[in-house]
Student: 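This structure is in structure tokens; I'll ask about it shortly.
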Amino acid sequence: MRVVVVGTGHVGLPTAATLAEFEHDVIGVDEDEEKIRGLQRGAIPFFEPGLAELVERGARRGRLRFSVDAAEAIQSAEVVFLCVGTPARESGDANLVAVERSARGIAPHLSLGVIVVKKSTVPAGTAQRLRQVLRMSRPDLAEDIEVVSNPEFLREGQAVEDSFHPDRILVGARSERGFETMRRLYEPLIRGGAKLIETDIETAELAKHASNAFLALKVSYANALARVCELAGADVTAVADVMGSDPRIGRAFLDAGLGWGGYCFPKDLQAFDRLSSRLGYDFGLLREVERINDEAIDAAVEKVRDALWNLEDKRIALLGLSFKPRTDDVRLSPALSLARRLIAEGAATVGYDPEAGANAKSEMPDLEVAPSVYDALDGAHCMVVCTDWDEFRSIDLPRAKELLAHPIIVDGRNMFDPHVMRAHGFVYYGTGRAALSEVG
Ligand code: UDX
């Protein structure tokens, strides 16, 4: 099918490249001409394992191209995906200006029979708004305008994997034509056994918010447990293992630590809370999920203070700056929230990240960024693990101990074994685990 993807970011680009892999003819468009020029040269504007190869393959096979001329692309399209950003407003509401702007941008060029697909995460009711905008702009198409909700469930760092092996394909539509078009579009996945869930549009939009909010709830539950475990002398990772052995609970997303961040959880949780309130339900649980997440940063600051006493003039090394491993994305990263707190208390912070150093530096110019783990550790009074990059599992501990002014580690992601660290002479602070120090 002839597909246009509007918005070539973390959602649009994997979507475009995957559909090209399924033998559709895909054109990616974006209002950022520089981004389009880069993509035409094969430059991917963010780190996402496997995506560059997939884009290159689609381009080489003539199935995927990028254009700044949205009009020409859309005129011949059978399906137009809207994959534009929905950042959070100050109020917490989803900012849907880009969604409306992109709808108004495509409206004049839509041809009869086209299906408009909403892929970005949006509050329930957005597709209805979109349909109104499109019908007002194109009274000639009126009843023929079909807007479909197809929320993405891509995880950053695993977007390609999730595109080819989705847990489910969720489609919200109002007509058989809408469902039929999406079945054709995702036919290779469906043939491969992917679960297709077809429902009404509001259900599809809301189910996405509900899913992300629940995942954030699991993480915050683990972090609340961590607080209790520290007081009870229990080990939260072992508690999580016990809980996770029950298939009704599941082990994933029970890893206590510095908490959740990124472009999705924070804004989706807030948008879901605001949507609920606007509809008339006070979903207080969501705000508690957020409060516990903020508390995880406080807990880490208190561990650093416990280890170092006054933070003024202390040098603290932060290992990991991205909001999670295998991404260079630092948006709402817990690591940067912690860095801001430590800098505000007068500490010098130096960070290292395998991929996100440059993004962190542009986000926080007063954060020193080191080129390697060992450069970050050199002369630091303690090291804090903020993001569980695999690279950190093989740190040369004797060398780290030599470089550090004090052999102190605050393990914000419970990456290290407390007993191994103690055997190497470290003072170990875990999250929800017994603090182990040489002084007993
Ligand atoms: C999430 C959803 O998983 C995905 O389905 C949706 O499409 C987009 O939002 P993503 O934001 O890429 O994906 O990150 P995810 O892997 O879900 O992790 C979110 C945050 O939770 C990260 O900061 C991660 O470090 C943190 N996390 C995750 C924990 O702190 N503990 C855990 O056990 C799991």
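Keep in mind the model is a prediction, meaning the values are calculated, not measured. Side-chain atoms are counted along with the backbone in the values below, which use heavy atoms only and exclude waters and symmetry mates. As the structure lists them, so they are numbered: ligands from 1, and atoms in each ligand from 1.
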Student: Assess whether a salt bridge exists between Asp306 and Lys303, defined as any Lys/Arg side-chain N lying under 4.0 Å from an Asp/Glu carboxylate O.
Tutor: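 Answer for the salt bridge query: no.
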Student: If you take the nearest heavy atom of each of Lys324, Arg413, Glu156, which one is closest to atom 30 (O) of ligand 1?
Tutor: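 Checking each option, the heavy atom nearest atom 30 (O) of ligand 1 is found in Arg413.
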Student: Looking at every non-hydrogen atom in both residues, tell me the closest pair between Ile395 and Leu319 and how far apart they are.
Tutor: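 Shortest heavy-atom separation between Ile395 and Leu319 comes out as CD1-CD1, 3.6 Å.
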Student: Between the side chains of Glu345 and Arg305, is the shortest nitrogen-to-carboxylate-oxygen separation below 4.0 Å, so that they form an ion pair?
Tutor: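 Judged by the 4.0 Å cut-off on N to carboxylate O distance, Arg305 and Glu345 do form a salt bridge.
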Student: When you measure from the side chain of Glu78 to the backbone N and O of Arg2, does any donor-acceptor pair fall under 3.5 Å?
Tutor: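 Checking the backbone N and O of Arg2 against the side chain of Glu78, a donor-acceptor pair under 3.5 Å is found.
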Student: Would you check whether Gly261 has a nitrogen or oxygen atom less than 3.5 angstrom from a nitrogen or oxygen atom of ligand 1?
Tutor: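 Yes, Gly261 has an N/O under 3.5 Å of an N/O on ligand 1.
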Student: Would you mind finding which of Arg155, Lys208, Arg331 brings a heavy atom closest to atom 7 (O) of ligand 1?
Tutor: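 Ranked by closest heavy atom to atom 7 (O) of ligand 1, first place is Lys208.
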Student: Where the closest heavy atom to atom 32 (C) of ligand 1 is concerned, which of Asp167, Leu332, Val219 has it?
Tutor: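 Considering heavy atoms of Asp167, Leu332, Val219, the nearest to atom 32 (C) of ligand 1 sits in Val219.
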Student: Is it true that Gly259 lies under 4.0 Å from ligand 1, counting heavy atoms only?
Tutor: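 In this structure, Gly259 qualifies as a contact of ligand 1 - some heavy atom is under 4.0 Å.
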Student: Taking distance alone, with N or O pairs closer than 3.5 Å, would you say Asp255 contacts ligand 1?
Tutor: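 N/O-N/O distance below 3.5 Å exists for this pair.
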Student: Are Arg174 and Glu146 ion-paired here, with the side-chain N under 4.0 Å from a carboxylate O?
Tutor: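 The answer is no: the pair does not qualify as a salt bridge.
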Student: What I want to find out is whether Asp298 reaches Arg341 closely enough, with some N-O distance under 4.0 Å, to be called a salt bridge.
Tutor: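 Salt bridge flag = yes for Arg341 with Asp298.
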Student: Nearest to atom 5 (O) of ligand 1, what protein heavy atom do you find, and at what distance?
Tutor: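 Looking only at protein heavy atoms, the one closest to atom 5 (O) of ligand 1 is Phe153 O, 3.4 Å.
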Student: Considering non-hydrogen atoms of the protein only, which is the closest contact for atom 2 (C) of ligand 1, and what is the distance?
Tutor: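 For atom 2 (C) of ligand 1, the nearest protein heavy atom is Asn212 OD1, 3.4 Å.
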Student: So, Arg57 and Glu21, do they make that salt bridge, N to O below 4.0 Å?
Tutor: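 Yes, Arg57 and Glu21 are salt-bridged.
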Student: As a check for students: among Trp260, Tyr263, Phe253, identify the option with a heavy atom nearest to atom 18 (O) of ligand 1.
Tutor: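 Going through Trp260, Tyr263, Phe253 one by one, Phe253 has the nearest heavy atom to atom 18 (O) of ligand 1.
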Student: Considering the heavy atoms of Cys264, write down every atom of ligand 1 situated less than 4.0 Å from one of them.
Tutor: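 Listed by number with element, the hits are 8 (C), 9 (O), 11 (O).
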Student: Would Arg183 and Glu198 pass as an ion pair if we require N to O under 4.0 Å?
Tutor: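 Salt bridge flag = yes for Glu198 with Arg183.
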Student: Hey, does Gly262 sit under 4.0 Å from ligand 1 if you only count heavy atoms?
Tutor: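 No; Gly262 lies far enough from ligand 1 that no heavy-atom distance drops under 4.0 Å.
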Student: For atom 23 (O) of ligand 1, what is the nearest protein heavy atom, given as residue, atom name and distance?
Tutor: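 Sorting protein heavy atoms by distance from atom 23 (O) of ligand 1 puts Phe323 O, 2.8 Å first.
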Student: For Phe164 and Phe22, take the angle between the two ring planes, folded into 0 to 90°, and tell me which bin it lands in: parallel under 30, tilted 30 to 60, perpendicular over 60.
Tutor: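 Rings of Phe164 and Phe22: perpendicular, as their planes differ by over 60°.
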Student: Using a strict 4.0 Å threshold on nitrogen-to-oxygen distance, state whether Glu205 and Lys208 make a salt bridge.
Tutor: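 Lys208 and Glu205: not salt-bridged.
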Student: Record the part of Phe265 in heavy-atom contact with ligand 1 below 4.0 Å; permitted values are side chain, backbone, both and neither.
Tutor: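 Contact part for Phe265 vs ligand 1: side chain (C-beta onward).
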Student: N/O of Leu154 under 3.5 Å from N/O of ligand 1, yes or no?
Tutor: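 Yes: some nitrogen or oxygen of Leu154 is under 3.5 Å from one in ligand 1.
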Student: Could you check whether Glu187 pairs with Arg184 (Lys NZ or Arg NE/NH1/NH2 to Asp/Glu carboxylate O, under 4.0 Å)?
Tutor: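 The answer is no: the pair does not qualify as a salt bridge.
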Student: With backbone taken as N, CA, C and O and side chain as the heavy atoms from C-beta onward, which portion of Lys218 lies under 4.0 Å from ligand 1: side chain, backbone, both, or neither?
Tutor: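 Answer for Lys218: neither.
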Student: Which atoms of ligand 1 sit under 4.0 Å from any heavy atom of Glu152?
Tutor: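 That gives atoms 7 (O) of ligand 1.
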Student: Answer side chain, backbone, both or neither: which part of Thr121 comes under 4.0 Å from ligand 1, heavy atoms only.
Tutor: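 Neither; nothing of Thr121 gets under 4.0 Å from ligand 1.
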